[in-house]
Amino acid sequence: MAQLDGAEVAKHSTSDDCWVIVHGKAYDVTEFLPEHPGGMKIILKYAGKDATEEFEPIHPPDTLDKYLDKSKHLGSVDMKTVEKEEKEESPEEKERLQRVQQVPQLDQCYNLMDFEAVARRIMKKTAWGYYSSAADDEITLRENHAAYHRIWFRPRILVDVEKVDFSTTMLGTKVDIPFYVTATALGKLGHPEGEVVLTRAAKKHNVVQMIPTLASCSFDEIMDAAEGDQVQWMQLYVNKDREITRKIVQHAEKRGCKALFITVDAPQLGRREKDMRSKFDDQGTNVQNGQQTDNSQGAARAISSFIDPGLSWKDIPWFKSITKMPIILKGVQRVEDVILAVEAGVQGVVLSNHGGRQLDFARSAVEVLAETMPRLRELGYQDKIEVFVDGGVRRATDIIKALCLGAKGVGIGRPFLYAMSAYGEAGVDRAMQLLRDEMEMNMRLIGCTSVDQLNPSLLDVSSLAHHGTGTPRDYLTKWAYDPLVNPPQRSS
Ligand SMILES: Cc1cc2c(cc1C)[n+](S(=O)(=O)[O-])c1c(=O)[nH]c(=O)nc-1n2C[C@H](O)[C@H](O)[C@H](O)COP(=O)(O)O
């Protein structure tokens with residue numbers, strides 16, 4: 001079949017007749033336009049043109065093969081005949097590219113928050129907006145990390161802590177350190193290779209990677225990037241069309257995924273205003289000219305219209321009928337639902353509020369954990385289910401606190417995205433190594449040599465449930481004795 005000419009494709013550039021080019025091939029998307037989850041405007045912006053750069057971070061490469069009828073695949077395009085759009089870099093983009101040139105040396109990152117600081121300065125606005133955003137006023141986003149600061153250690157002393165081993169098992173898989181890479185969508189917003197960067201770093205540190213439904217890479221690309229007996233889990237957003245969900249789950253099991261994490265806290269994706277704002281700007285929608293603004297709610301809403309808000313406990317038996325993989329409910333937020341999960345016969349829960357991206361003012365996972373484990377022990381359920389937490393974990397002390405309270409392990413999201421976005425695989429590798437070094441030191445300092453010694457007696461959680469009550473200002477110290485504020489006056 002002769003190659004299509006760029007000028008020919010350019011003729012099809014209206015909402016009644018719309019062709020786009022992706023990865024050197026032309027597609028007739030006219031009938032698909034009204035169904036596009038991200039709205040029509042973003043496609044029409046590239047009507048008759050090459051849309052690859054915009055398409056790439058949001059859609060796995062096999063998207064068009066999977067979801068666009070073959071009759072709309074028009075064949076390859078002679079890209080030499082496609083007019084290149086001269087993109088004038090905005091002043092902000094010029095400044096950002098300068099900051100990229102001045103990125104700090106990787107070994108100047110000493111903790112996970114350093115990666116966030118660098119990523120914030122160098123990431124594209126859309127990417128930073130999507131990764132960093134959380135729901136509404138982002139109270140829960142901040143509470144997720146702050147809650148760990150309300151837990152204090154009661155360390156043991158005079159324990160021989162020369163040999164420390166913090167390996168453990170999660171859902172039957174032996175891991176070197178009790179965290180896993182949790183599911184976070186759209187990896188290619190931060191790095192051109194996307195989620196496979198996390199796969200390689202997870203292999204190096206023998207930690208598990210959870211593959212997101214909404215990955216930029218295709219599921220098979222991420223599975224293929226795994227090496228040897230590397231373990232990966234599948235995170236699932238349940239589709240309204242259960243046949244699609246069945247196919248995804250059974251394919252994941254066939255490919256060797258070792259567990260199915262069903263996300264249950266997102267019947268609708270949360271309202272993430274930073275994400276919405278950046279999408280709004282990037283589309284150059286000019287509300288001043290009275291145009292109907294695109295109602296795309298940012299990347300999140302654009303990619304999630306398929307999620308079934310009707311998912312409920314009555315669906316669990318169906319999931320157990322279509323897969324032998326252990327089933328874990330990700331996004332449980334109260335002990336009553338953990339008990340229902342045990343009674344529904346699932347193998348685990350992740351206590352999580354989606355990194356604060358869903359219901360604002362949901363409690364932190366670690367607070368729910370402190371409520372849950374004593375109740376499970378009362379009911380004799382503590383060995384019937386594996387309990388994980390995620391959200392706001394930024395230090396090994398956070399991991400140790402969660403394990404002392406009874407978690408099997410913790411999921412970590414944004415820090416690895418930021419490390420990947422700023423420094424690629426080397427960044428994720430360093431982030432994991434930093435956590436490993438912190439784990440070794442802090443296990444020693446609390447007087448433990450293995451994970452099974454971690455228990456609630458090592459913690460003081462008496463402040464944990466006190467949300468946001470700071471300690472009263474000690475003005476006496478501040479004003480009367482603080483030499484920086486009131487330097488001693490020379491006596492006359
Ligand atoms: C940061 C982030 C988190 C996402 C995430 C995308 C990003 C950029 N996405 S989302 O687009 O739909 O919201 C997912 C997702 O695909 N599926 C999911 O189960 N959790 C998703 N989460 C939540 C994630 O699995 C953890 O619950 C959360 O990241 C833990 O908090 P930290 O980021 O503070 O570690």
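By convention here, the first residue in the shown sequence is residue 1. Order of listing sets the numbers, starting from 1, for every ligand and every atom in it.
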Checklist entry - Would you call L141 a ligand 1 contact, heavy-atom distance under 4.0 Å? => result no
Next on the checklist: Could you walk me through whether V103 and V118 satisfy the side chain to side chain contact (heavy atoms under 4.5 Å, CB included) test, starting with their C-alpha distance in whole Å, then the side-chain angles of each, then the deciding distance to 0.1 Å, before giving a yes or no?
Outcome noted: CA-CA 7 Å; V103 71; V118 175; 3.4 Å; yes
Checklist entry - Just going by heavy-atom distances, which of A183, P212, A266, G413 is nearest to atom 4 (C) of ligand 1? => result A183
Next on the checklist: For atom 28 (C) of ligand 1, tell me which residue out of G270, G355, S133 has the closest non-hydrogen atom.
Outcome noted: G355
Checklist entry - Under a heavy-atom criterion of less than 4.0 Å, does V393 contact ligand 1? => result no
Checklist entry - For the rings on F179 and F416, is their centre-to-centre separation under 6.0 Å? => result yes
Checklist entry - Could you give the distance from OG1 (T323) to CG (L236), rounded to the nearest 0.5 Å? => result 10.5 Å
Next on the checklist: Strictly by ring pair (Phe, Tyr, Trp, His ring centres under 6.0 Å), give each pair with a member in residues 188-231 just once, sequence neighbours left out.
Outcome noted: F219-H251
Item to check | cation_pi(K401, F153) dist<6.0 Å, angle<=45 | outcome: yes
Next on the checklist: Before you tell me yes or no, could you show the steps for F55 and H23 under side chain to side chain contact (heavy atoms under 4.5 Å, CB included), namely the whole-Å CA-CA distance, both residues' side-chain angles and the distance that decides it to 0.1 Å?
Outcome noted: CA-CA 9 Å; F55 177 89; H23 295 133; 4.2 Å; yes
Checklist entry - S352 heavy atoms, cut-off 4.0 Å: which ligand 1 atoms fall inside? => result 27 (O)
Item to check | Per-atom contacts of ligand 1 with G391, taking only distances under 4.0 Å to non-hydrogen atoms | outcome: 30 (C), 31 (O), 34 (O)
Item to check | Atoms in ligand 1 flagged as close to Y130, the criterion being non-hydrogen separation under 4.0 Å | outcome: 8 (C), 10 (S), 11 (O)
Next on the checklist: When you measure from the centre of the six-membered ring of F166, is the NZ or CZ of R436 closer than 6.0 Å and no more than 45° off the axis?
Outcome noted: no
Next on the checklist: Would R394 count as a contact residue for ligand 1, given that I'm defining contact as a non-hydrogen atom of the residue lying under 4.0 Å from a ligand atom?
Outcome noted: yes
Item to check | Heavy-atom closest pair, residues L351 and T372 | outcome: CD1-OG1, 4.1 Å
Checklist entry - Got an N/O contact under 3.5 Å between R272 and ligand 1? => result yes
Item to check | Numbered atoms of ligand 1 (with element) below 4.0 Å of L417, judged on heavy atoms | outcome: 8 (C)
Checklist entry - Nearest to atom 12 (O) of ligand 1 by heavy atom, Y418, F416, Y237, Y131: which? => result Y237
Checklist entry - Is G392 in polar range of ligand 1, meaning some N or O pair under 3.5 Å apart? => result yes
Next on the checklist: So, using salt bridge (charged side-chain N to carboxylate O under 4.0 Å, His left out) as the criterion, who are the partners of D460 when residues are at least two apart?
Outcome noted: none
Next on the checklist: Closer than 4.0 Å to some heavy atom of T263 - which atoms of ligand 1 meet that?
Outcome noted: 18 (C), 19 (O)
